[in-house]
Engineer: 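What follows is a single structure, and I will ask about it in a moment.
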Protein chains: 2
Amino acid sequence: MRPHDLTEIRHLALFRDMRQSSFDALMQAAYVQGFPQGLELIRQGDHADFLHIIIDGAVELYASWAGRETTMAVVRPVGTFILAASIRDAPYLMAARTLERSRIVMVPSSDLRAVFREDSGFAVSVVEELAGCYRTIVRHAKGLKLRSSRERIASYLLRQSMIAGNVAGFILPIEKRILASYLGMTPENLSRTLKVLEADGVKIDGQRVIITDRARLTAVARPDALIDGPEPDDTGRGSTLPPVIARS
Amino acid sequence: MRPHDLTEIRHLALFRDMRQSSFDALMQAAYVQGFPQGLELIRQGDHADFLHIIIDGAVELYASWAGRETTMAVVRPVGTFILAASIRDAPYLMAARTLERSRIVMVPSSDLRAVFREDSGFAVSVVEELAGCYRTIVRHAKGLKLRSSRERIASYLLRQSMIAGNVAGFILPIEKRILASYLGMTPENLSRTLKVLEADGVKIDGQRVIITDRARLTAVARPDALIDGPEPDDTGRGSTLPPVIARS
DNA sequence: CGCCACGTTGACAGAAATCAAGGTAGGTGG
DNA sequence: CCACCTACCTTGATTTCTGTCAACGTGGCG
């Protein structure tokens, strides 16, 4: 593992407050691996042997059933995923695949659990990370159940704009078909609804988005901190923030 | 607090593996309260000062936005809820109200966090409980995104049957309008779809459900351990099992 | 150049929400 | 004991939303 990577991981919320000896123990057991684009890292139902940390690239977490698939989250550096299954020593509820060439650190679940028991600073970080993951997916479920497609899209666009620094223009960080799946609709529906939204203060040109009338779009989206998440500058105790879609 | 209640709480997965001194400390800070039916215990957005443990009655966790509401879970004894917000010291993402007269133990979040730091056995339990909550809502989101209304209803009925001991007949544990909301549809839609399902091996009479053709219903529901959850006898390390709908 | 994946568009079908009446059961009070 | 009230549930008619299927466009890349 490159020293630079170690430093970066060490600064992750999850590993920031642990003893150096604990960190060293974890990292000694861990290893880094590079993966090409489109590779299935984790299959649904597999046993959770490793906590994954992405330090380069992008990973999609998705679920499937009866031949259907849906995107549950997209994780970008530096973020962790599959923490819950690792902790519980349980089968993965979601699969994971790379969306780009990616480099990923894999920490054996057994070491994770051992260090958790010994280092209460780490234990606090794990439980906070996990609570954050839980809250993220609660928000996701709330959005799905309480908002229409149009409202979900509008909220997403406003949220991305905010993350980009409250600018009017930004680039969609993921492909539209994946966004559609994440938002719980078909690509066709997303495409059409984006067009409809042009009457509500947003201009879409390929991956480029320009918010032309923020007030109007906000009226449609009715953003809510208890669904859309806190201000992006709320790094709080320093969470593994969700730069694209959500944390795992 | 009655000794019986203390014993019952002590046997909860969350409190089973902690030191007696830690348990005593927590329980000394905690108090029990009785609530009438229909009382709002927690409001969305409020600050999370207490972990709640329900020892009698039933509590609905729900979310609201723009005048709409949706049921996220129903918790029955003996279960905990609102753990994530307590741990994170964050605002509640969901509201809670009693569905029946209920008795609830409230443990101050600050004590919870203090004991968490000192008692690694408790820390393990907390993180496992939380991971369980996370996994439960991931399943919920998967069901919403991957299954149609009809499939969700069929799965729910099969699941309830299994929890009741794989019997053909059982009683719906919650009102239909709440079930509809939990399953992400309107009461009208639930009502109609239940009727349609009578052609698929299930008979509904009020709250009474009789599965007349399990194979047929199973073919519709296509139950999946990664959505519907493990066998009910998988109390595993003894989780706060989800007797009705889901754990918080 | 031509393939291929992604996105868009159109026509249509199906699912679900909405609006509006009824019906039913359980509880209350006369 | 019965009438009535109130929630809950059901049913029907209708609209809206969303998915499906099919065709076409387009941009990147071999």
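As a basis for the values below, the full set of heavy atoms in this structure was taken, side chains included, without hydrogen atoms, waters or symmetry mates. Quantities reported herein were computed from a predicted structural model and do not represent experimental measurements. Proteins come first, then strands; the chains are lettered A, B, ... in the order of their sequence lines, and each starts at number 1.
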Engineer: Residues two or more places apart in sequence or in another chain: which of them pass salt bridge (charged side-chain N to carboxylate O under 4.0 Å, His left out) with B:Glu151?
Structural biologist: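 A:Arg68, B:Arg222.
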Engineer: Indicate the ring-plane relationship of B:Tyr182 and B:His140, choosing parallel, tilted or perpendicular according to the 30° and 60° boundaries.
Structural biologist: parallel
Engineer: Is the backbone of A:Arg177 close enough, under 3.5 Å, to the side chain of A:Ser181 for a donor and an acceptor to pair up by distance?
Structural biologist: no
Engineer: Bend across the helix from C:dC1-D:dG30 to C:dG30-D:dC1, to 10°, with axes taken over 5 pairs at each end?
Structural biologist: 30°
Engineer: Which whole-number value in Å describes the distance from A:Leu194 CG to C:dC6 C1'?
Structural biologist: 14 Å
Engineer: Any side chain to side chain donor-acceptor pair (under 3.5 Å) involving residues 205-216 of chain A? Give me the pairs, sequence neighbours left out, ordered by first then second residue.
Structural biologist: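 Sorted pair list: A:Ser161-A:Arg214.
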Engineer: With a 4.5 Å cut-off on side-chain heavy atoms, are B:Gln44 and B:Tyr62 touching?
Structural biologist: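 The answer is no, as the side chains (C-beta and beyond) never meet within the 4.5 Å cut-off.
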Engineer: Which residue pairs pass the salt bridge (Lys or Arg N to Asp or Glu O under 4.0 Å) test when at least one of the two sits in residues 39-53 of chain B, sequence neighbours left out?
Structural biologist: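 Matches after skipping sequence neighbours: B:Arg43-B:Asp46.
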Engineer: Using the test side-chain hydrogen bond (donor to acceptor under 3.5 Å, both in side chains), find all partners of B:Glu69 that sit at least two apart in sequence or belong to another chain.
Structural biologist: B:Arg97
Engineer: With a 3.5 Å distance limit and no angle check, can you tell me whether B:Lys142 reaches the backbone of B:Asp228 through a side-chain donor-acceptor pair?
Structural biologist: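 Between the backbone of B:Asp228 and the side chain of B:Lys142 there is no qualifying donor-acceptor contact (under 3.5 Å).
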Engineer: I'd like to check the side-chain hydrogen bond (donor to acceptor under 3.5 Å, both in side chains) partners of B:Thr193; sequence neighbours left out, ordered by chain and number.
Structural biologist: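 If we apply the side-chain hydrogen bond (donor to acceptor under 3.5 Å, both in side chains) test to B:Thr193, skipping adjacent residues, the hits are B:Asn189.
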Engineer: If you measure from the Lys or Arg side-chain nitrogens to the Asp or Glu carboxylate oxygens, is any gap between B:Arg150 and B:Asp200 under 4.0 Å?
Structural biologist: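 Salt bridge between B:Arg150 and B:Asp200, a charged N being under 4.0 Å from a carboxylate O: yes.
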Engineer: Return the value, rounded to whole Å, for the distance between atom CD1 of A:Ile204 and atom C1' of C:dT8.
Structural biologist: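 In whole Å, C:dT8 C1' lies 13 Å from A:Ile204 CD1.
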Engineer: Check the distance between C:dA25's C1' and B:Asp205's CG and give it to me in whole angstrom.
Structural biologist: 12 Å
Engineer: Sequence neighbours excluded, which residues qualify as side-chain hydrogen bond (donor to acceptor under 3.5 Å, both in side chains) partners of B:Asp5?
Structural biologist: B:Arg2, B:Arg103
Engineer: Restricting to ring pair (Phe, Tyr, Trp, His ring centres under 6.0 Å), what partner residues turn up for B:Tyr92, sequence neighbours left out?
Structural biologist: none
Engineer: Does A:Lys195 put a side-chain nitrogen or oxygen below 4.0 Å from OP1 or OP2 of C:dT9?
Structural biologist: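 So the side chain of A:Lys195 is within the cut-off, an N or O lying under 4.0 Å from OP1 or OP2 of C:dT9.
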Engineer: Using atom names, set out every protein N or O paired with an N or O of nucleotides 5-8 of chain D below 3.5 Å, distance rounded to 0.1 Å.
Structural biologist:
from: D:dC8; atom 1: OP1; to: B:Arg177; atom 2: NE; distance (Å): 3.4
from: D:dC8; atom 1: OP1; to: B:Arg177; atom 2: NH2; distance (Å): 2.9

Engineer: Mind listing the N/O atom pairs, protein and nucleotides 14-19 of chain C, below 3.5 Å?
Structural biologist:
from: C:dA16; atom 1: OP1; to: B:Ser149; atom 2: N; distance (Å): 3.1
from: C:dA16; atom 1: OP1; to: B:Ser149; atom 2: OG; distance (Å): 3.0
from: C:dA17; atom 1: OP2; to: B:Thr186; atom 2: N; distance (Å): 3.2
from: C:dA17; atom 1: OP2; to: B:Thr186; atom 2: OG1; distance (Å): 3.2
from: C:dA17; atom 1: OP2; to: B:Asn189; atom 2: ND2; distance (Å): 2.9
from: C:dT18; atom 1: O4; to: B:Arg192; atom 2: NH2; distance (Å): 2.8
from: C:dC19; atom 1: N4; to: B:Glu188; atom 2: OE2; distance (Å): 3.3

Engineer: Find every protein N or O atom lying less than 3.5 Å from an N or O atom of nucleotides 28-30 of chain D, and list the pairs.
Structural biologist:
none

Engineer: For A:Leu179 and C:dC6, what is the distance between atoms CG and C1' respectively, to the nearest whole Å?
Structural biologist: 14 Å
Engineer: C:dC6 C1' sits how many Å from A:Leu99 CG, rounded?
Structural biologist: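 Whole-Å distance recorded here is 14 Å.
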Engineer: For A:Arg139, which residues count as a side-chain hydrogen bond (donor to acceptor under 3.5 Å, both in side chains) partner, sequence neighbours excluded?
Structural biologist: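 Once residues adjacent in sequence are excluded, A:Arg139 has no partner under the side-chain hydrogen bond (donor to acceptor under 3.5 Å, both in side chains) criterion.
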Engineer: Grab the CD1-C1' distance between A:Ile174 and C:dC6 for me, whole Å please.
Structural biologist: 14 Å
